[in-house]
Amino acid sequence: MTRPVALVTGGRRGIGRAIALELARNGHDVAIADMADDGAAEVLEAIAQAGGRGMFARFDLGDLSTHAGLLDAVTEALGPVDVLVNNAGRGAVQRGDLLDLTPENFDVVMDVNLRGTVFLTQTVVRQMLTARPRHRRSVITVTSVSAAAASPERMDYCVSKAALSMFVANLALRLAGVGIGVFEVRPGIIATDMTAGVREKYDGLIAGGLVPQGRWGEGEDVARAVAALASGAFGFAQGQIVNVDGGLTIARL
């Protein structure tokens with residue numbers, strides 16, 4: 001018996017780390033790919049403690065020339081990828097008036113959040129379609145509530161996530177007939193390194209009722225949703241958006 005293989009981009013910290021560990025606890029071998037290796041050893045140790053095999057690959061999602069090599073390394077170490085979790089992403093290079101946004105900063109965000117994710121997915125899915133299925137297969141993309149909620153001071157980030165959401169919808173239609181589940185998970189306000197700098201701001205907003213559940217989200221909240229989708233339990237669902245946001249995006253009067 002073999003365990004399904006999951007590839008989690010941005011898997012050494014934050015939401016990605018939580019996803020990698022939850023997948024390991026749910027029976028997956030897990031490859032994590034990230035730009036830096038600090039913290040990776042601890043994640044791999046935790047994967048092993050959960051009974052899974054793990055591997056780490058240093059990887060720049062925005063560099064398309066590295067995508068095939070990453071997939072080859074994962075396949076050699078663990079086997080063909082059954083579950084791709086597109087988690088890696090970056091925030092705006094600089095927050096500010098959208099009228100001051102430079103093309104260079106716009107391109108940096110798009111190269112990672114959109115272009116890199118689209119073409120890594122293309123590379124992995126091509127392998128999925130040629131390999132003999134061993135387990136339930138899925139592509140799960142972590143976007144953001146910012147795919148639908150505008151923030152003019154970081155318009156580039158919002159646009160990248162909105163475009164990624166449309167990519168997920170198109171991919172879901174393309175793969176619906178071949179047994180590969182495609183889903184989008186939209187986290188809300190999650191406590192991570194990326195949000196550490198705005199902690200005080202959002203503490204106040206949450207206290208004021210912005211999030212109906214009245215708390216920050218944790219990486220584990222997102223991870224449990226991803227693991228459930230990867231399990232195949234939602235086999236007749238396709239292309240669905242799962243909001244993990246404590247009720248933030250519910251329309252209210």
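By convention here, the first residue in the shown sequence is residue 1. Just so we're clear, the structure is a prediction, and the values are computed from it rather than from any experiment.
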Tell me whether the count of non-hydrogen atoms from other residues, nucleotides or ligands lying under 6.0 Å of CE in M110 goes above 12.
yes
Treating R154 as the side-chain partner and G91 as the backbone partner, does any N or O pair qualify as donor plus acceptor under 3.5 Å?
no
R3 side-chain N/O to H28 backbone N/O, donor-acceptor pair under 3.5 Å:
yes
For G239 and A172, work out which heavy atoms get closest and say how close.
CA-CB, 3.5 Å
Can you pull out every salt bridge (charged side-chain N to carboxylate O under 4.0 Å, His left out) where at least one residue sits in residues 95-113? Sequence neighbours excluded, please.
R95-E153
Just verifying a value: how many Å separate R53 CZ and T2 OG1, rounded to the nearest 0.5 Å?
8.0 Å
Residues pairing under ring-ring contact (aromatic ring centres under 6.0 Å, His included) where one sits in residues 56-76, two or more places apart or in two chains, turn out to be F59-H67
Measure from the side-chain N and O atoms of Q240 to the backbone N and O of Q238, and report whether any donor-acceptor pair falls under 3.5 Å.
yes
Restricting to ring pair (Phe, Tyr, Trp, His ring centres under 6.0 Å), what partner residues turn up for F183, sequence neighbours left out?
none
Do the side chains of T123 and L70 get nearer than 4.5 Å, heavy atoms only?
no
Hydrophobic clusters here meaning ILVMFWY residues chained together by side-chain heavy-atom distances under 4.5 Å, can you tell me if V142 and V30 are in one?
yes
Rounded distance [0.5 Å steps], CG in N243 versus CD1 in I250:
9.0 Å
Flag yes if L64 and F106 sit in one hydrophobic cluster, no otherwise; membership is Ile, Leu, Val, Met, Phe, Trp, Tyr, and two members link when side-chain heavy atoms are under 4.5 Å apart.
yes
Answer with yes or no whether the hydrophobic clustering places V125 together with I140; edges join I, L, V, M, F, W, Y residues whose side-chain heavy atoms lie under 4.5 Å apart.
no
Nearest 0.5 Å, what's the CD1-CG distance between I32 and D37?
10.0 Å
Can I get a per-line list of side-chain donor-acceptor pairs under 3.5 Å for residues 157-164, giving both atom names and the distance, sequence neighbours left out?
| residue | atom | partner | partner atom | Å |
| --- | --- | --- | --- | --- |
| S160 | OG | N113 | ND2 | 3.1 |
| S160 | OG | Y157 | O | 2.6 |

Would you check if R90 and L61 make a side-chain contact, meaning some heavy-atom pair closer than 4.5 Å?
no
Got a second to check how far E200's CD is from L205's CG, nearest 0.5 Å?
11.0 Å
Tabulate below the donor-acceptor pairs under 3.5 Å that side-chain atoms of residues 225-235 make, not counting sequence neighbours, or state none.
| residue | atom | partner | partner atom | Å |
| --- | --- | --- | --- | --- |
| S231 | OG | A228 | O | 2.6 |
| S231 | OG | A233 | N | 3.1 |

Checking the side chain of R137 only, and the main-chain atoms of M128 only, is there a donor and an acceptor separated by less than 3.5 Å?
yes
Atom CG in L21, atom CD in Q49: separation rounded to 0.5 Å?
9.5 Å
In terms of heavy-atom contacts, G246 and P212 come closest through O-CD, 3.3 Å
May I ask you to decide if E22's main-chain N or O and N26's side chain share a donor-acceptor pair within less than 3.5 Å?
yes
Check whether W216 and V145 end up in the same hydrophobic cluster, where Ile, Leu, Val, Met, Phe, Trp and Tyr are linked by side-chain heavy atoms less than 4.5 Å apart.
yes
With distance as the sole test, does R186 use its side chain to make a donor-acceptor pair with the main-chain N or O of V242 at under 3.5 Å?
no
Heavy atoms, side chains only, cut-off 4.5 Å: are V124 and V74 in contact?
no
Would you say V185 and V182 are hydrophobically clustered, going by side-chain heavy atoms of ILVMFWY under 4.5 Å?
no
In Å and rounded to the nearest 0.5 Å, what is the CD1 to CG distance from I180 to L171?
8.0 Å
How close do L44 and G54 get, counting heavy atoms only, and between which atoms?
CD2-C, 3.7 Å
Under-4.0 Å salt bridge between D38 and R12
yes
Between M166 and N170, does a side chain to side chain contact (heavy atoms under 4.5 Å, CB included) hold up when you go through it step by step?
CA-CA 6 Å; M166 181 52 70; N170 280 274; 3.4 Å; yes
Which atom pair, heavy atoms only, marks the closest approach of A33 to L7?
CB-CD1, 4.3 Å
Is D82 salt-bridged to R134, cutoff N-O under 4.0 Å?
yes
Output yes when a side-chain donor or acceptor of N87 lies under 3.5 Å from a complementary backbone atom of G10, and no otherwise.
yes
From the options T141, N86, T9, select the one residue that forms a side-chain hydrogen bond (donor to acceptor under 3.5 Å, both in side chains) with T121.
N86
Pairs involving residues 208-225, ordered by first then second residue, that meet salt bridge (charged side-chain N to carboxylate O under 4.0 Å, His left out) (sequence neighbours left out)
R215-D221, D221-R224
Closest non-hydrogen atoms of G16 and V8, given as atom of the first, atom of the second and distance, are O-CG1, 3.8 Å
Does T130 use its side chain to pair, donor to acceptor, with the backbone of Q127 at less than 3.5 Å?
yes
Of all the heavy-atom pairs spanning G79 and V5, show the shortest one and how long it is.
O-CG1, 4.0 Å
